[in-house]
Structure formats: C-alpha cells, structure tokens
Amino acid sequence: MHPSGVPLSAPPSSTPEPLDPSRATAAAPADDAALIVGRTAGELARAAEQAAAALLAPPAPIRLGDVVPAPERVEPDATADYLLTADTVIRASADPAALAVADELAALLRPATGYPLPVTDAATPAPAGGIALALTGEAALGAEGYRLDITTDGVRVTAGTAAGLWYGVQTLRQLLPAAVENTTAVDERWVLPGGSILDRPRYPHRGAMLDVARHFFGVTDVLRVIDHLARYKLNRLHLHLTDDQGWRIAIDSWPRLATVGGAGAVGDAPGGYYSRADYQRIVAYAADRHVTVIPEIDLPGHTHAALTAYGELSPDRVAPPPYTGTDVGFSYVDPTSQRTYDFVADVLGEIAALTPGRWLHIGGDEAFKVPAEVYATFVERVQHIVTGLGREVVGWHQIAPAAHTHPRILQWWGTTGDDPVTAEAVRREDRLVLSPANHAYLDMKYAPDTPIGHDWAGLIDVRRAYDWDPANHLVGVPAEAVLGVEAPLWTEYVTTLAEVEFMMFPRLPAIAELGWSPRSTHDWEAFRVRLAGHGPRWATAGIAYHRAPELPWPTSAGPVPAPRDPSTGHAPPANLPG
Ligand code: TNX
C-alpha cells in the first residue's frame with residue numbers, strides 16, 4: 001500500500017468492481033457507521049461502493065494548469081502526454097549550473113521511480129526524446145523565467161539562466177503524480193500532461209523568514225525548510241539569527257555571544273547555535289536551490305541575549321540573566337557607546353564574510369526604549385557599516401526615518417496599509433518587501449482553535465493569506481516600489497520542525513503565489529482547488545500541514561502527519577534531506 005492510502009497498482013479504470021458488501025462496509029469511514037441504521041440494503045450497497053471507490057480510485061490525473069504558483073501562460077495539449085520510463089535520459093546544456101539542475105532533477109525523480117535517469121550533457125550522443133534542460137540566450141524569459149514543452153516524444157525546459165531551469169524543474173515535479181514524493185520506488189505510471197507553459201515571476205523577491213532565536217532549529221531542519229521554499233519557487237530565506245532569547249551564530253571575535261547568549265530559548269527549550277561551518281552549509285544548500293540567505297542581526301533592540309554575554313554592551317554595563325519569556329521591546333545595546341559600534345562592525349563583518357548574498361538585515365524593530373533621534377543616528381551608523389562591507393541594507397520598516405542609503409529595502413510588517421513615514425521613505429527611493437502581519441505572518445493562528453501561534457494581528461486562514469495584492473497594499477506606495485513578498489515565521493510558540501511545517505502549509509504556497517504569479521491569475525476559487533491538490537504530495541513527503549476547512553481536499557489526500565508526537569512531545573521522524 002502506498003503511504004497516502006492509494007494502492008500501488010490502482011485499477012486504471014474509474015469504474016470500480018462491485019465489491020463484497022462486508023468488505024465495502026469495513027472500508028467505509030467510521031463516521032458513516034451512524035448512517036447505516038434505517039437504510040435499505042440497496043442504499044447501503046451503493047454507499048459502500050462509493051466509499052470503496054473513493055479509497056481505491058486513482059487520484060484524478062494532473063492537468064498542466066495544476067501548478068502552484070500559477071504559471072503565467074498554460075497551453076495544454078491532451079494528445080501530447082509524455083510517459084517517463086526506465087529508459088528516460090536527462091540531458092542539459094554543457095554548463096556546470098545547468099548540469100547541476102539536471103542532477104537535482106534526477107535526484108528528485110530517482111527514489112520514487114526507481115529509474116536510473118542518467119544525466120549527460122547535450123553534446124553527448126543520447127537517444128532522442130527524454131528530458132532536456134536547455135540554456136538559451138532567450139532574453140524574454142528574464143532572470144528567472146522558463147518555457148516548458150511536453151510532447152509524447154520528450155520534455156524540454158528552456159531558460160536564459162540556471163535559475164529559470166530550476167523553476168522549470170519545480171514545475172515538472174508538480175506535474176508528476178504525488179507518488180513522486182516517495183523516498184522508495186513505487187509502481188506508478190509516471191505521466192506528464194502534454195502542452196506548453198511560459199512562466200516568469202511577478203516579483204524578484206519572494207521569501208520566507210524563520211526565527212531560529214526564540215526556538216532553535218538545527219541545520220537539518222533549516223535544510224528541509226529550504227526545500228519547502230524551493231518547491232514553491234521562493235528565492236530568499238531570511239534567517240532571524242538573534243533576539244532576546246538566543247544568539248544563534250558563532251562570532252569568532254565575540255565568542256560568548258553564541259556560547260553564553262545561545263544557551264537558552266523560550267521556556268525550557270534547549271538552546272543552540274550554528275557554527276561557522278553550519279551556517280556555510282545552510283548558505284550553500286540554499287544557493288544550490290537558487291535561494292539566497294538574508295541573515296538578520298536584530299539591532300539595537302531585541303538584543304538581550306547579546307547583553308547576557310557581554311554586559312559592556314548594556315546601557316548599565318551589567319550583564320543581565322537570560323530571558324526565556326515572550327515579551328518584546330525591553331532590551332537595547334547602548335547606542336551612545338563606541339564599544340557597541342565595534343561590536344556591530346565585528347559581527348556584521350564576520351557574517352558578511354560568510355554570506356555571498358547581497359543583503360544584510362539589521363532588524364530595527366521595537367526598540368521602544370531608545371529615543372527617536374538616538375535611534376535614527378544609530379541606524380545611520382549601522383547602515384554605513386553595512387555599505388562599507390559592500391552589502392545592501394534591509395531593515396524592518398521602523399528604520400524608515402533614518403537617513404537614506406541607496407539602495408535600501410524596508411520590510412513592511414504593519415497591519416493598516418497606511419504609513420506615511422514608509423511612503424515618504426519610498427519617495428526617497430527605498431524599496432519595499434511586504435510582510436503585512438495580518439496576511440503574511442505564519443505565526444498567527446489559522447482559527448481560534450489552532451493549538452499554537454499568536455493572534456495579535458488577527459486569525460489568518462488560507463484565504464486571508466491569499467486575498468491581498470502586494471501592488472496596492474500600502475497607501476501612497478507605487479507598484480514599482482514593491483520588490484516582493486515575504487512570509488515570516490516567528491517561533492515563540494513554534495517548537496518543532498513539524499510545527500514549523502504545520503504553520504507554513506498551506507499558507508506559504510499562498511504567499512509564494514502572490515510573489516510569483518501574474519495578478520491576472522488571481523482567483524480564490526481556482527486557487528483553493530489547485531492548492532488542495534497538493535495535500536497528497538505533502539502527506540507522501542511526510543510534511544505536516546493544517547487541513548484547512550476552506551480547501552476541498554481530495555479523498556486521496558491521506559493521513560495528515562501530526563504536528564507533534566503526543567507520546568514524546570517531539571516531531572515525528574521526517575524525511576530529512578541529504
Ligand atoms: C513582532 S514583527 C515582532 C517579533 C515578534 C512578532 C510575533 C517584528 C518585526 N517584530 O519580535 O516575534 O511580532 O508575531
């Protein structure tokens with residue numbers, strides 16, 4: 001039996017064999033037992049037959065348009081389905097980055113198909129057909145776009161860049177049956193629906209944030225989160241590395257930041273931190289998946305953990321005891337002390353040296369105890385340090401009043417859609433990434449009965465995560481100033497990888513669609529069906545998710561992995577990457 005409850009060799013016909021009524025009754029869902037009383041034998045037989053059919057029928061075939069995020073243009077051709085076989089060969093342009101994407105495609109498909117899927121470069125003679133990944137100079141596809149052509153004879157992904165090929169591969173993956181998510185070989189017809197897709201992202205910045213400070217998540221957890229981002233064509237992972245409850249990255253020049261400042265977490269949870277090698281592993285794994293890591297060192301507030309390690313940074317020069325609560329806004333490094341700026345320069349210098357990406361996030365939120373003018377001066381000096389390192393500044397939108405540095409990204413997390421200070425900063429050429437807390441915050445509860453999460457920005461069901469438009473969200477901010485979207489996951493109440501997944505799915509794909517898909521495709525009714533179709537994929541991949549009542553989950557969606565194992569309090573074992 002397939003883990004999602006679908007038999008391995010499902011009958012090809014959708015008309016089920018009539019069943020022995022005793023077997024069929026046993027197959028009916030338990031809830032239906034109450035309905036048995038008072039029904040005729042014929043009605044019972046028919047109900048049992050339907051219930052059995054739902055369990056036995058193969059999932060509906062995947063259509064070319066069933067992709068999340070929705071592609072820009074889809075032209076199905078029902079006569080052109082392609083069948084992947086044990087003889088299929090993957091060929092890529094003779095370019096290391098294109099071949100790396102081909103290797104990744106093979107690695108994605110080999111476990112479940114059991115096929116060898118050899119990868120060769122296009123110059124190597126190979127049988128016609130198969131899957132080809134072609135790097136071309138097609139400028140119209142842009143930095144991340146791709147074209148996908150599926151015919152009976154073969155599959156071709158065309159792009160101007162390796163990133164484009166990568167996104168084409170993510171689309172291919174979604175077009176194969178959900179059984180492709182298995183980690184061991186299953187018996188399945190690996191059909192790809194025929195036709196063509198032309199696809200380019202709406203925004204260049206499509207991200208998610210993971211708060212590893214309130215609760216610490218180890219390297220393998222973060223790698224798995226990167227896989228989740230990549231599946232949905234997100235290209236930025238913002239790591240919130242420091243906060244009051246924990247400092248999570250080793251800094252050679254200030255070693256107690258990690259060893260002392262990283263010892264704890266919210267509540268009695270274990271602490272932890274990334275060594276330089278750990279962090280580099282995360283950055284490299286992300287880069288292989290066309291995801292850029294944006295590290296955040298939150299300043300000048302949210303710094304209690306740093307103060308526990310180095311009292312000299314504190315306004316009163318006294319190291320406080322660790323903080324394990326969930327309040328915000330009480331801590332700050334002394335903005336009037338030169339020692340603080342030495343600390344910032346050392347920390348950002350070491351982080352920059354380990355981070356190939358363009359951006360350093362300097363936080364800037366909720367420094368309630370620092371007077372406005374002192375705060376602005378502090379931010380300006382820190383911005384200067386960032387630009388001196390050859391990096392670009394990202395900050396929460398509170399840094400807007402600080403003098404402008406070009407280029408600079410403000411990350412908007414407000415809930416009103418109306419902030420004249422941010423709009424004014426945009427007039428001075430700041431650019432915006434939108435994370436409105438009442439739509440994009442993955443730490444908000446879905447519903448009143450969601451077992452974990454905040455609700456200060458309201459409840460965010462899947463529809464609320466999806467139903468807003470980044471282009472006109474903020475009053476006085478023109479569409480051109482918006483670089484994209486980001487979904488932050490704060491972890492005061494999120495303690496395991498499975499809980500991370502439960503809060504991300506299905507809302508992360510909703511935000512991903514806002515970041516990638518043209519507005520013309522925006523349609524809740526169509527989206528909820530497409531998204532629900534991914535339930536069987538998540539179930540098969542062992543990804544915990546919220547079975548949101550507003551989505552029409554297919555009957556083959558399978559059991560939902562539990563967010564937390566009640567016997568141990570820990571996440572169930574997951575399929576960890578690499
Ligand atoms: C506000 S939004 C914070 C975080 C909290 C979060 C909880 C922002 C930049 N700061 O410190 O974790 O709310 O939802």
Side-chain angles (χ1 to χ4, degrees), residues 211-214 216 239-266 270-276 278-279 295-355 360-389 391 393 395-396 398-399 402:
D211 169 9
V212 295
R214 269 55 177 271
F216 181 63
L239 279 180
H240 183 75
L241 289 168
T242 64
D243 213 304
D244 294 319
Q245 300 85 347
W247 183 284
R248 306 301 182 200
I249 179 132
I251 301 294
D252 283 351
S253 50
W254 296 70
R256 292 204 307 277
L257 287 170
T259 55
V260 175
V266 167
Y273 62 88
Y274 306 122
S275 67
R276 294 165 66 91
D278 289 340
Y279 178 75
E296 178 187 352
I297 303 296
D298 202 348
L299 297 162
H302 290 274
T303 39
H304 186 90
L307 304 184
T308 65
Y310 291 99
E312 66 204 85
L313 300 173
S314 174
D316 63 6
R317 306 287 182 267
V318 176
Y323 181 69
T324 58
T326 58
D327 285 348
V328 296
F330 57 90
S331 63
Y332 61 103
V333 286
D334 184 353
T336 64
S337 159
Q338 178 54 39
R339 195 73 185 124
T340 293
Y341 296 95
D342 296 342
F343 153 80
V344 172
D346 289 344
V347 168
L348 293 181
E350 288 196 32
I351 302 267
L354 300 177
T355 306
L360 294 181
H361 199 307
I362 59 170
D365 57 319
E366 299 172 323
F368 298 142
K369 296 207 168 159
V370 183
E373 270 186 30
V374 179
Y375 171 88
T377 307
F378 174 86
V379 170
E380 285 159 23
R381 284 187 69 174
V382 173
Q383 290 181 164
H384 193 68
I385 293 171
V386 171
T387 53
L389 291 164
R391 296 307 205 285
V393 173
W396 297 106
Q398 276 80 11
I399 69 167

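Positions are given from 1 along the sequence.
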Quiz prompt | Proximity of Tyr279 and Tyr273 rings by center, below 6.0 Å | solution = no
Quiz item: Is a side-chain N or O of Thr377 found less than 3.5 angstrom from the main chain of Glu373, in a donor-acceptor match?
Solution: yes
Quiz item: Sub-3.5 Å donor-acceptor pair from the side chain of Glu366 to the main-chain atoms of His302, do we have one?
Solution: no
Practice problem: For Gly246 and Ala213, work out which heavy atoms get closest and say how close. | Solution: O-CB, 3.6 Å
Quiz item: What is the distance from atom CD1 of Ile351 to atom NE2 of His361, rounded to the nearest 0.5 Å?
Solution: 13.5 Å
Self-check item: For Ile399 against Gly363, the heavy-atom pair lying closest together
Solution: CG2-O, 3.8 Å
Self-check item: Where Pro270 and Ala265 come nearest, the two heavy atoms and their spacing
Solution: O-CB, 3.7 Å
Quiz item: Relative to the ring of Phe343, is the ring of Trp254 parallel (under 30°), tilted (30 to 60°) or perpendicular (over 60°)?
Solution: perpendicular
Self-check item: Min side-chain heavy-atom separation Tyr332-Pro315 under 4.5 Å
Solution: yes
Quiz item: For Ala367 and Pro300, which heavy atoms make the closest approach, and how far apart are they?
Solution: CB-CG, 3.9 Å
Exercise. Determine yes or no for a side-chain-to-main-chain donor-acceptor pair under 3.5 angstrom, with Tyr310 supplying the side chain and Arg256 the backbone.
Key: yes
Quiz prompt | Residue pair Trp247, Val347: steps toward the side chain to side chain contact (heavy atoms under 4.5 Å, CB included) verdict | solution = CA-CA 12 Å; Trp247 183 284; Val347 168; 3.9 Å; yes
Quiz item: Are Leu299 and Thr340 close enough that some pair of their side-chain heavy atoms sits under 4.5 Å apart?
Solution: no
Practice problem: Nearest 0.5 Å please: distance from the CG atom of Asp244 over to the NE2 atom of His304. | Solution: 7.0 Å
Exercise. Using the side-chain contact (heavy atoms from CB on, under 4.5 Å) rule, pick out the option among Leu348, Thr355, Leu354, Thr242 that qualifies with Pro295.
Key: Thr355
Exercise. Measure from the side-chain N and O atoms of His384 to the backbone N and O of Val386, and report whether any donor-acceptor pair falls under 3.5 Å.
Key: no
Quiz item: Any donor and acceptor pair, going by atom type alone, linking the side chain of Arg381 with main-chain N or O of Tyr341 inside 3.5 Å?
Solution: no
For residues 317-330, which side-chain N or O atoms pair as donor and acceptor with protein atoms under 3.5 Å away, sequence neighbours left out?
unit_1, atom_1, unit_2, atom_2, d
Arg317, NH1, Ser314, O, 2.7
Arg317, NH1, Asp334, OD2, 3.0
Arg317, NH2, Asp334, OD2, 3.2
Tyr323, OH, Thr326, N, 3.2
Tyr323, OH, Asp327, N, 2.8

Quiz item: Are there more than 12 heavy atoms of other residues, nucleotides or ligands under 6.0 Å from atom CD of Gln338?
Solution: yes
Quiz prompt | Value rounded to 0.5 Å, distance of CG in Leu257 from CZ in Arg248 | solution = 12.5 Å
Quiz item: For the atom pair CD (Glu350) and CZ (Arg276), what is the distance rounded to the nearest 0.5 Å?
Solution: 5.0 Å
Exercise. Please check if the side chain of Ser331 supplies one atom and the backbone of Thr303 the other of a donor-acceptor pair under 3.5 Å.
Key: yes
Quiz item: Measuring from Asp298:CG to Asp365:CG, what's the distance to the nearest 0.5 Å?
Solution: 4.5 Å
Self-check item: Phe368 side, atom CZ; Tyr375 side, atom OH - distance, nearest 0.5 Å
Solution: 10.5 Å
Quiz item: Minimum heavy-atom separation for Ser275 to Ala250, with atom names?
Solution: CA-CB, 4.1 Å
Quiz item: Side chain of Glu312, backbone of Arg339: donor and acceptor closer than 3.5 Å?
Solution: no
